[in-house]
Student: 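Below is a structure I'd like to ask you about.
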Amino acid sequence: MRNKSDENWQVGQRCLNNGDINAATSRLYYGVFQAVLTWARIRKGYNKTTDVHGDMCRFVKTEGKHSNHCGKVFAEMRGFRESADYQPDTPPIDEIKELLDTCDKIRAYYLQQAGV
Amino acid sequence: MMNTISNIKAIIANRIKQQFRNYPVAILESPEDTSTLWVRVFAVPPENVRAVKNYIHILQDQLLPDNDIILLPMVKNIEVTRQHYPEYMSQEPAAYVTQIAEKFLLETELGQNKWQVVSCSSFYSSIYHTPMVKTALSWDKSMGGQLHPVPTYGKEVAANNELAMAA
């Protein structure tokens, strides 16, 4: 799962640089999501298969330092990803970029806490 | 749970409308997750997008501190709303109308006489050339959904030579 998180984050960055914003949003979100999911499975014994995205949001909002801020950023990133997947508009690139630094830190934190 | 979700949606929508009176609000349940709500706010000027998102986060903390229901901010600026959600653009925000009017002035002969937009309502801009002359533009949305200024009595003003008098 670490490799998947890294791969999605890197692909997301490439898509962003290429101007493929919808694809970038999806891959960048999943880069973070998979880091949190990896931690949840290893450290929390998480094994649900429904409402998983909501549960990962809850973990980020409540676990770890800066959880309040990180929880908000992760929720916004998830909102952009669901917009990219289901809604007609494309997320604004400047609003995506605003979240990237914190998203990368969330990803790094959860992978480190997972011990992978 | 469904009753609770409906109540929560109504409360959140009302709180946002109280805080930001001009922005349409429509809340949907995420198709992926029964305990996640899309909090969609439309026609927001770009400079206010962050403030609306932050307010949605405040509502999450105040109304749903246990995170049983997750709120996802989905704040759509004016141009995105116009292009993809025109049903939420029943009235043009005054600031945007002014921008359109000023662009119109630059592109037409009116601009050569140094007309400027000095007041604006939701449906038309009033344009003054010195305190003496006044005209107005109405907004024709038949041009493929785009705003298209149509002078209502500017030509009459010019025909009466009021422009020359004011100059």
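Convention: sequence-line order gives letters A, B, ...; per-chain numbering from 1. Just so it is clear, the values below take in all heavy atoms, side chains as well, and ignore hydrogens, waters and symmetry mates.
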Student: If I measure from the heavy atoms of chain B, does A/Asp94 come under 4.5 Å with its side chain, its backbone, both, or neither?
Tutor: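 The answer is neither part of A/Asp94.
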
Student: If hydrophobic clusters are built from ILVMFWY residues whose side chains come within less than 4.5 Å, do A/Phe33 and A/Val73 share one?
Tutor: yes

Student: Are B/Trp38 and B/Val52 in one and the same hydrophobic cluster, where Ile, Leu, Val, Met, Phe, Trp and Tyr link if side-chain heavy atoms are under 4.5 Å apart?
Tutor: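 B/Trp38 and B/Val52: separate clusters.
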
Student: Does a sphere of radius 6.0 Å around NZ in A/Lys4 hold more than 12 heavy atoms from other residues, nucleotides or ligands, not counting ones at 6.0 Å or beyond?
Tutor: no

Student: Say whether B/Val25 and B/Tyr55 are linked into one hydrophobic cluster, either directly or through other cluster members, by side-chain heavy-atom distances under 4.5 angstrom.
Tutor: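 Hydrophobic grouping puts B/Val25 with B/Tyr55.
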
Student: Under a 3.5 Å cutoff, is there a donor and acceptor pairing between the side chains of B/Gln60 and A/Lys72?
Tutor: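 The criterion, which ignores hydrogens and geometry beyond distance, is not satisfied for A/Lys72 and B/Gln60.
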
Student: With a 4.5 angstrom heavy-atom cut-off, which part of B/Val49 approaches chain A: side chain, backbone, both or neither?
Tutor: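 The side chain, not the backbone.
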
Student: Under a 4.0 Å N-O cut-off, is there an ion pair linking A/Glu98 with B/Arg50?
Tutor: yes

Student: Counting only non-hydrogen atoms closer than 4.5 Å, does A/Thr62 touch chain B with its backbone (N, CA, C, O), its side chain (CB onward), both, or neither?
Tutor: side chain

Student: Where do A/Ala75 and B/Pro73 come nearest, in terms of heavy atoms and distance?
Tutor: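 A/Ala75 and B/Pro73 have their closest heavy atoms at O-CD, 4.4 Å.
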
Student: Which atoms of B/Asp61 come close to chain A, meaning under 4.5 Å heavy atom to heavy atom: side chain ones, backbone ones, both, or neither?
Tutor: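 For B/Asp61, side-chain heavy atoms alone lie under 4.5 Å from chain A.
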
Student: With rounding to the nearest 0.5 Å, note down the distance linking CG in A/Asp89 to CD in B/Gln83.
Tutor: 9.0 Å

Student: Can you see whether A/Gln87 engages B/His84 through a side-chain donor-acceptor pair at a distance of less than 3.5 angstrom?
Tutor: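 No pair is found: no donor N or O on one side chain lies under 3.5 Å from an acceptor on the other.
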
Student: Between A/Leu99 and A/Leu16, is there shared hydrophobic-cluster membership here, with clusters defined by ILVMFWY side-chain heavy atoms closer than 4.5 Å?
Tutor: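 Shared cluster, yes.
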
Student: Do B/Ser30 and A/Tyr86 have side chains that approach each other closer than 4.5 Å (heavy atoms only, starting at C-beta)?
Tutor: no

Student: Check whether any side-chain heavy atom of B/Asp68 lies under 4.5 Å from a side-chain heavy atom of A/Arg58, and answer yes or no.
Tutor: no

Student: Same hydrophobic cluster for B/Leu28 and B/Ile69, using side-chain heavy-atom links shorter than 4.5 Å among ILVMFWY?
Tutor: no

Student: Heavy-atom cut-off 4.5 Å, strictly under: side chain, backbone, both or neither for B/Ile56 against chain A?
Tutor: neither

Student: Salt bridge between B/Glu32 and A/Arg81, side-chain N to carboxylate O under 4.0 Å?
Tutor: yes

Student: Out of B/Asp33, B/Val75, B/Ile70, B/Asn67, which one racks up the most heavy-atom pairs below 4.5 Å with chain A?
Tutor: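 Heavy-atom pairs under 4.5 Å are most numerous for B/Asp33.
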
Student: Per the salt bridge (Lys or Arg N to Asp or Glu O under 4.0 Å) rule, what does the pair list look like for residues 25-45 of chain A, sequence neighbours excluded?
Tutor: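 Qualifying pairs, neighbours excluded: A/Lys44-A/Glu63.
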
Student: When rounded to the nearest 0.5 angstrom, what distance separates CG in B/Leu72 from OG in A/Ser83?
Tutor: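 One finds 8.5 Å between CG of B/Leu72 and OG of A/Ser83.
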
